[in-house]
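The structure appears right after this line, and notes come after that.
In what follows, chains are A, B, ... by sequence order, proteins preceding strands, each numbered from 1.
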2 protein chains.
Amino acid sequence: MAATRGSAPTIVDVAAAAGVSLATASRALSNYGRVSAVTAERVRRAAIEIGYRPNELARAMRVGSSGTIGLVIIADFTNAFFDRATKSIVDAAKSHGYQVLISNSDEDIEVERLAVQTLLDKQVDGLIVVPSLARAHDHLLPPALGGKPLVVIDRIPDGVAVTSVTTDDRSGTEQAVRNAASLGHERLGFLVSAFGVHGHTLERPEPMLSSVTERVEGFTSGARAAGIAKRNQLWVYSEDEPRASEAAVSYMLDRPKPPTVIFTSNNDMALAVLKVAGNRRLVIGRDISLVTVDDSQWAAAIVPGITVVARPVEQLGELAVSRLVSRISNPDQPDETIVLPTEVIARESVANLKVLPYREVD
Amino acid sequence: MAATRGSAPTIVDVAAAAGVSLATASRALSNYGRVSAVTAERVRRAAIEIGYRPNELARAMRVGSSGTIGLVIIADFTNAFFDRATKSIVDAAKSHGYQVLISNSDEDIEVERLAVQTLLDKQVDGLIVVPSLARAHDHLLPPALGGKPLVVIDRIPDGVAVTSVTTDDRSGTEQAVRNAASLGHERLGFLVSAFGVHGHTLERPEPMLSSVTERVEGFTSGARAAGIAKRNQLWVYSEDEPRASEAAVSYMLDRPKPPTVIFTSNNDMALAVLKVAGNRRLVIGRDISLVTVDDSQWAAAIVPGITVVARPVEQLGELAVSRLVSRISNPDQPDETIVLPTEVIARESVANLKVLPYREVD
DNA sequence: GCAGCTTGCGATAACGTTCTCGCAATCTGC
DNA sequence: GCAGATTGCGAGAACGTTATCGCAAGCTGC
């Protein structure tokens with residue numbers, strides 16, 4: 001049953017067991033070329049008999065394709081993007097016959113660069129990357145990729161022609177703002193996750209991630225559509241770190257006329273709002289309203305439920321894989337820019353001020 | 001700069017560019033054997049010049065080790081185990097010089113079996129597996145693994161000698177029960193995630209996952225230590241599916257004398273409690289208390305904060321990798337059984353009935 | 001009954017590495 | 001200045017596959 005020699009049986013062991021040559025054994029197992037039905041069956045029997053499993057590494061080297069795709073992703077937990085995207089990509093890859101080599105960039109461009117390199121060295125057939133920065137991405141350009149196809153997800157790097165799958169955060173955010181305005185909110189807070197700032201600031205940092213820019217633009221156009229003046233909008237950019245974002249929330253709530261609703265650009269920021277509000281005994285959906293991007297199980301289960309801009313993350317992962325696989329088999333396709341629709345899920349975290357008028361805090 | 005020929009430059013291209021033989025080029029780049037300092041430098045220059053990157057697949061095949069470990073894990077989201085464990089394993093693997101091939105078993109034993117096989121075919125140097133079932137695991141036995149080392153995490157399959165890294169859920173749960181009892185709780189509910197049951201049931205199903213069994217034992221001994229009789233304990237086993245667990249929670253709350261505190265064996269179940277309680281306008285930490293296993297950012301941020309049995313998932317991932325790597329380089333080590341300590345983090349979801357007496361619901 | 005075709009199979013060359021061997025050239029010791 | 005050791009390097013085998021090529025049979029057609 002097991003190989004008589006120490007290590008795993010190879011195809012020559014199968015050939016010996018079936019009494020044929022290596023070439024015939026290979027033909028029988030990978031059915032190509034000409035083999036008689038009887039010998040083919042004999043070889044297959046022998047293969048099972050001795051527990052033969054083809055060495056995929058040798059196979060990959062010979063045929064020039066590893067059956068593996070590389071995923072470089074940012075492992076942040078609170079946004080439930082990492083896990084949902086990873087799972088859907090892993091599952092979709094499997095259904096296309098690929099395995100996934102995963103690497104975490106931790107939002108660091110140098111780590112990302114290295115990860116891409118390492119995965120390419122391991123001969124992945126293609127790459128899916130969540131780019132960590134808007135600029136500085138030579139490593140995502142075709143020459144650096146050695147011709148291997150790439151699909152970026154969640155964010156689009158500036159000025160790079162590349163196939164991307166993202167979500168329409170712009171119109172989702174716009175819709176959410178208009179919804180809040182229709183419930184009577186006239187003073188809006190916007191807590192924006194920003195990279196490269198320390199603590200928080202009122203000045204817009206550059207560059208920002210394309211996904212964040214989208215949300216900013218959506219917020220702006222939503223506010224304009226609702227007729228809410230700039231002076232009634234409080235924009236705070238915060239480092240994506242609990243202490244910093246909590247300080248930013250405190251800052252917002254301490255203003256003489258604080259916003260009645262806070263929009264956050266991701267779940268980290270939303271949790272900061274929950275925490276600070278809780279410490280101050282402010283009730284979400286009554287004393288302060290909250291809207292965030294990305295749905296999650298907890299956002300739906302807690303009281304009050306959190307109103308969210310829901311993104312189809314699973315669909316995004318599946319599409320990224322299917323586009324990548326398609327480019328692997330046919331590399332000369334034009335680049336695609338796929339944008340998936342988002343959806344506002346209204347729950348109870350946004351107070352209806354037309355029913356329950358706003359009470360001044362303190 | 002790029003290779004003049006169509007495909008990626010190989011070491012023979014480097015040799016040609018440096019004017020040496022293939023053998024010398026390899027010696028210079030992988031520094032072994034004897035090469036003069038000057039030619040070594042010349043080769044390295046040439047390699048950089050033509051953008052040479054070693055093909056890790058060919059290297060792996062030659063040296064018989066792929067520098068890759070396989071991870072078979074259960075991608076459930078609410079428990080924040082998948083993402084925390086995956087990230088820590090991926091990061092730890094990288095720091096040991098390994099990449100991670102990830103596969104999702106979806107808690108299905110057949111999928112798991114296939115995943116293990118596929119990863120072995122891809123010549124991983126070792127495997128980390130979250131076993132999906134307590135029994136039926138021939139595929140985790142040494143013969144099926146072809147001598148490749150295995151570390152199981154989170155759960156221990158019955159009767160298999162294997163290196164494992166788990167957490168001490170037993171004493172964590174016991175401690176949590178004792179804490180609740182010390183706050184005056186005398187009627188305990190226990191909502192247990194169980195596999196293979198449909199809906200919910202009061203009868204204990206067999207087999208259960210070792211991690212669940214641990215929690216059950218911890219609960220039992222905690223209740224005994226606190227002197228709480230069996231008749232004041234309500235155990236409900238539920239399928240791990242929102243609708244089923246919500247029905248189970250409703251059942252518990254509808255009893256003539258419902259428990260004052262519900263312990264849940266995972267976060268899925270805890271979210272079901274939050275949801276049902278919310279629908280019934282019951283306030284957590286006042287009308288009904290809640291304790292769950294596994295900490296998360298939302299459990300800490302919401303109001304009231306959820307009391308949890310916190311498990312050191314990151315440490316678990318890192319240890320699994322370091323033990324696996326150690327077994328890869330030295331396969332003849334005896335198996336280890338590592339159990340990491342857990343910790344009860346008391347927040348506000350458990351009412352202090354000695355201060356605020358229990359109010360009958362309805 | 002023989003030219004030409006098909007069938008089945010073995011020999012062998014790749015894929016891109018690492019690494020052992022052997023050989024010429026240089027270096028050491030006395 | 002010469003035997004023996006050391007140095008530097010090229011030739012070539014090996015890892016386990018796939019896939020091409022060529023050859024000996026057996027088959028067809030006229």
Self-check item: Nucleotide D:dG16, atom P - distance to CD1 of A:Ile50 in whole Å
Solution: 13 Å
Exercise. Heavy atoms only: give me the nearest A:Ser88-A:Val313 pair and the separation to one decimal.
Key: OG-O, 3.9 Å
Quiz item: B:Leu29 CG to C:dT17 P: how many Å, rounded?
Solution: 9 Å
Self-check item: 5' priority, DNA chain D, between A:Met61 and B:Ala25 [closest heavy atom]
Solution: B:Ala25
Practice problem: Look at the side-chain N and O atoms of A:Thr39 and state whether any lies under 4.0 Å from the OP1 or OP2 oxygen of C:dC9. | Solution: yes
Quiz item: Can a side chain N or O of A:Thr24 be found less than 4.0 Å away from OP1 or OP2 on C:dC9?
Solution: no
Self-check item: B:Tyr32 versus B:Ser26, side-chain donor and acceptor atoms under 3.5 Å
Solution: yes
Which pairs would a plain distance check flag for residues 114-121 of chain B, meaning a side-chain donor or acceptor within less than 3.5 Å of a matching protein atom at least two apart in sequence or in another chain?
| unit_1 | atom_1 | unit_2 | atom_2 | d |
| --- | --- | --- | --- | --- |
| B:Thr118 | OG1 | B:Leu114 | O | 2.8 |
| B:Asp121 | OD1 | A:Arg53 | NH1 | 3.4 |
| B:Asp121 | OD2 | A:Arg53 | NH1 | 2.6 |

Practice problem: If a protein heavy atom is under 4.0 Å from the base, mark B; if only from the sugar-phosphate, S; if neither, -; do that for nucleotides 20-25 of chain C going 5' to 3'. | Solution: B-----
Quiz item: Just checking A:Leu22: base, sugar-phosphate only, or nothing, at a heavy-atom cut-off of under 4.0 Å?
Solution: base
Quiz item: Could you give the CD-to-P distance, from B:Gln123 to D:dT17, as a whole number of Å?
Solution: 8 Å
Exercise. Using whole Å, report how far CZ of A:Arg42 lies from P of C:dG8.
Key: 13 Å
Quiz item: How many Å lie between CG on B:Asp121 and P on D:dG16, as a whole number?
Solution: 14 Å
Quiz item: Side-chain N or O of A:Ser36 less than 4.0 angstrom from OP1 or OP2 on C:dC9?
Solution: yes
Exercise. Could you tell me the separation between the CD1 atom of B:Ile11 and the P atom of D:dC15, rounded to a whole number of Å?
Key: 19 Å
Quiz prompt | Pair B:Gln333-B:Ser326, side-chain donor/acceptor within less than 3.5 Å | solution = yes
Practice problem: For B:Asn55 and C:dC15, give me the distance from atom CG to atom C1', rounded to whole Å. | Solution: 8 Å
Quiz prompt | Ion pair check, A:Glu107 and A:Arg155, cut-off under 4.0 Å | solution = yes
Quiz prompt | Residue whose closest nucleotide on DNA chain D lies nearer the 5' end, B:Val35 versus B:Val63 | solution = B:Val35
Quiz prompt | Charged N-O contact under 4.0 Å between B:Asp91 and B:Lys87 | solution = yes
Quiz item: Who passes salt bridge (charged side-chain N to carboxylate O under 4.0 Å, His left out) against A:Asp335, sequence neighbours left out?
Solution: A:Arg327
Exercise. Rounded to the nearest angstrom, tell me the gap between atom CG in B:Leu57 and atom C1' in D:dG16.
Key: 12 Å
Practice problem: Would you mind classifying the nucleic acid contact of A:Ser30 as base, sugar-phosphate or nothing, using non-hydrogen atoms under 4.0 angstrom? | Solution: sugar-phosphate
